[in-house]
Peer 1: 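Would you mind keeping the following structure in view while I ask a few things?
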Amino acid sequence: MAIRILIIEDEVTMAGLIKKRLESHGYEAETAFDGESGLKKARENCPDLILLDIMLPKIDGYKVCRLLKFDDKYKSIPIILLTALGQESDVATGKDVGADGYLLKPFDGEKLLAKIEELLKK
């Protein structure tokens, strides 16, 4: 069975590029373009891993992450934050809300795949 990854990213082009890359490596990928629909899809489909932008419409990525990580049913799903926010305080907030990884945009596709592999092995 394919590993399912949910991409929550409001930039449609970026989400599409990530989706194509993941699918070309054998992953099943689904997208959501705002925090609210992303949270809903995460709860409905319980993906194996989530790639989550921070600056999202409706509900920001920090809150989506916190809502999933503080819920026993979803807390084991690895979440990688993908963002342009690179200040130390942003990274610290990511850790505080329970993110398992933090990649700065623009990120290297191979780095993303390596981080996904690392988290899925845990």
Side-chain angles (χ1 to χ4, degrees):
M1 194 160 111
I3 291 170
R4 294 172 305 122
I5 298 178
L6 174 60
I7 304 156
I8 307 173
E9 165 64 68
D10 63 328
E11 292 175 39
V12 178
T13 307
M14 170 74 82
L17 291 170
I18 296 169
K19 186 177 198 287
K20 277 191 182 117
R21 179 172 283 263
L22 293 175
E23 288 172 345
S24 74
H25 283 81
Y27 295 109
E28 208 175 277
E30 182 182 15
T31 52
F33 302 107
D34 64 68
E36 196 177 326
S37 63
L39 186 60
K40 187 173 186 256
K41 284 183 179 185
R43 287 176 170 158
E44 285 171 359
N45 306 333
C46 223
D48 298 297
L49 184 134
I50 297 171
L51 299 176
L52 177 61
D53 187 15
I54 292 174
M55 295 183 288
L56 291 167
K58 299 188 181 172
I59 305 174
D60 74 46
Y62 288 136
K63 188 165 187 185
V64 171
C65 188
R66 189 170 57 243
L67 287 167
L68 291 169
K69 287 297 188 176
F70 288 78
D71 185 322
D72 286 341
K73 191 172 176 189
Y74 309 104
K75 69 181 181 187
S76 64
I77 301 171
I79 297 176
I80 300 173
L81 295 176
L82 303 177
T83 182
L85 301 175
Q87 300 294 323
E88 276 182 43
S89 61
D90 301 315
V91 178
T93 301
K95 282 189 174 80
D96 290 345
V97 297
D100 301 279
Y102 199 101
L103 285 180
L104 282 179
K105 291 178 187 175
F107 51 83
D108 176 273
E110 292 307 310
K111 234 184 207 172
L112 174 63
L113 291 167
K115 189 69 181 169
I116 288 169
E117 291 289 315
E118 175 196 321
L119 291 173
L120 290 174
K121 282 180 185 150
K122 286 187 177 177

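Every heavy atom of this structure was used, including side-chain atoms; hydrogens, water molecules and symmetry mates were not. All figures in this text were calculated on a predicted structure; none of them were measured in a lab.
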Peer 1: Can a donor-acceptor pair be found, under 3.5 Å and without considering hydrogens, that links the side chain of Asp53 to the backbone of Leu56?
Peer 2: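 Between the backbone of Leu56 and the side chain of Asp53 there is no qualifying donor-acceptor contact (under 3.5 Å).
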Peer 1: Would a 4.5 Å heavy-atom cut-off, applied to side chains only, mark Leu82 and Leu112 as touching?
Peer 2: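 When only atoms from C-beta onward are counted, Leu112 and Leu82 do touch, with a gap below 4.5 Å.
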Peer 1: Side chains of Ile50 and Leu68: does their closest heavy-atom pair fall under 4.5 Å?
Peer 2: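 A side-chain contact exists here, since the closest heavy-atom pair is under 4.5 Å.
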Peer 1: Less than 4.5 Å apart, side chain to side chain, heavy atoms only: is that true for Leu113 and Leu22?
Peer 2: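 The answer is yes, as the side chains (C-beta and beyond) meet within the 4.5 Å cut-off.
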Peer 1: Any idea which heavy atoms bring Leu6 and Gly38 closest together, and the distance?
Peer 2: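 Answer, listing the atom of Leu6 first, then Gly38: CD2-O, 3.5 Å.
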Peer 1: Could you go step by step and tell me if Leu67 and Arg43 meet the side chain to side chain contact (heavy atoms under 4.5 Å, CB included) rule?
Peer 2: CA-CA 10 Å; Leu67 287 167; Arg43 287 176 170 158; 4.0 Å; yes
Peer 1: How about NZ on Lys105, more than 12 heavy atoms from neighbouring residues, nucleotides or ligands closer than 6.0 Å, or not?
Peer 2: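 Yes.
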Peer 1: Heavy-atom count check: over 12 atoms from other residues, nucleotides or ligands less than 6.0 Å from Glu44 CD?
Peer 2: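 It does: Glu44 CD has more than 12 such atoms within range.
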Peer 1: Counting distance only, does the side-chain N/O of Asp48 pair as donor-acceptor with the main-chain N or O of Arg4 below 3.5 Å?
Peer 2: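 Side chain of Asp48 to backbone of Arg4: a pair is present.
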Peer 1: Step by step, would you call Leu39 with Tyr74 a side chain to side chain contact (heavy atoms under 4.5 Å, CB included)?
Peer 2: CA-CA 11 Å; Leu39 186 60; Tyr74 309 104; over 6 Å; no
Peer 1: Checking the side chain of Lys69 only, and the main-chain atoms of Ala99 only, is there a donor and an acceptor separated by less than 3.5 Å?
Peer 2: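 Flag not set: sc Lys69 to bb Ala99 has no pair under 3.5 Å.
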Peer 1: Is there a side-chain contact between Tyr102 and Leu85 (heavy atoms, below 4.5 Å)?
Peer 2: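 Counting from C-beta outward, Tyr102 and Leu85 do come under 4.5 Å.
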Peer 1: Do Tyr27 and Ile116 come close enough that some side-chain heavy atom pair is under 4.5 Å?
Peer 2: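 Side chain of Tyr27 against side chain of Ile116, heavy atoms only: contact under 4.5 Å found.
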Peer 1: Decide, yes or no, whether a salt bridge links Lys20 with Glu23 under the criterion of side-chain N to carboxylate O below 4.0 Å.
Peer 2: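 Looking at Glu23 together with Lys20, the answer is no, because their closest N to O distance does not fall below 4.0 Å.
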Peer 1: Are Tyr62 and Leu81 packed together at the side-chain level, in the sense that at least one heavy-atom pair is separated by less than 4.5 angstrom?
Peer 2: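 Yes, close enough: below the 4.5 Å cut-off.
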Peer 1: Is the side chain of Asp100 donor-acceptor paired with the backbone N or O of Ile79 at a distance under 3.5 Å, no angle test?
Peer 2: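 Yes, Asp100 side chain to Ile79 backbone: donor-acceptor pair under 3.5 Å.
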Peer 1: What are the two closest non-hydrogen atoms of Ala2 and Gly26, and how far apart are they?
Peer 2: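 Between these two residues, the closest heavy atoms are CB-O, 4.1 Å.
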Peer 1: If every non-hydrogen atom of Ser37 is compared with every non-hydrogen atom of Ala32, which pair is closest and at what distance?
Peer 2: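 For Ser37 and Ala32, the tightest heavy-atom pair comes out as OG-CB, 3.8 Å.
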Peer 1: Is it true that a side-chain atom of Asn45 and a backbone atom of Pro47 form a donor plus acceptor pair closer than 3.5 Å?
Peer 2: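 Side chain of Asn45 to backbone of Pro47: no pair is present.
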Peer 1: Taking NZ, NE, NH1 and NH2 as the nitrogens, is one of them in Glu118 or Lys111 under 4.0 Å from a carboxylate oxygen of the other?
Peer 2: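 No, this pair does not count.
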Peer 1: With a 3.5 Å distance limit and no angle check, can you tell me whether Glu9 reaches the backbone of Glu11 through a side-chain donor-acceptor pair?
Peer 2: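 Between the backbone of Glu11 and the side chain of Glu9 there is a qualifying donor-acceptor contact (under 3.5 Å).
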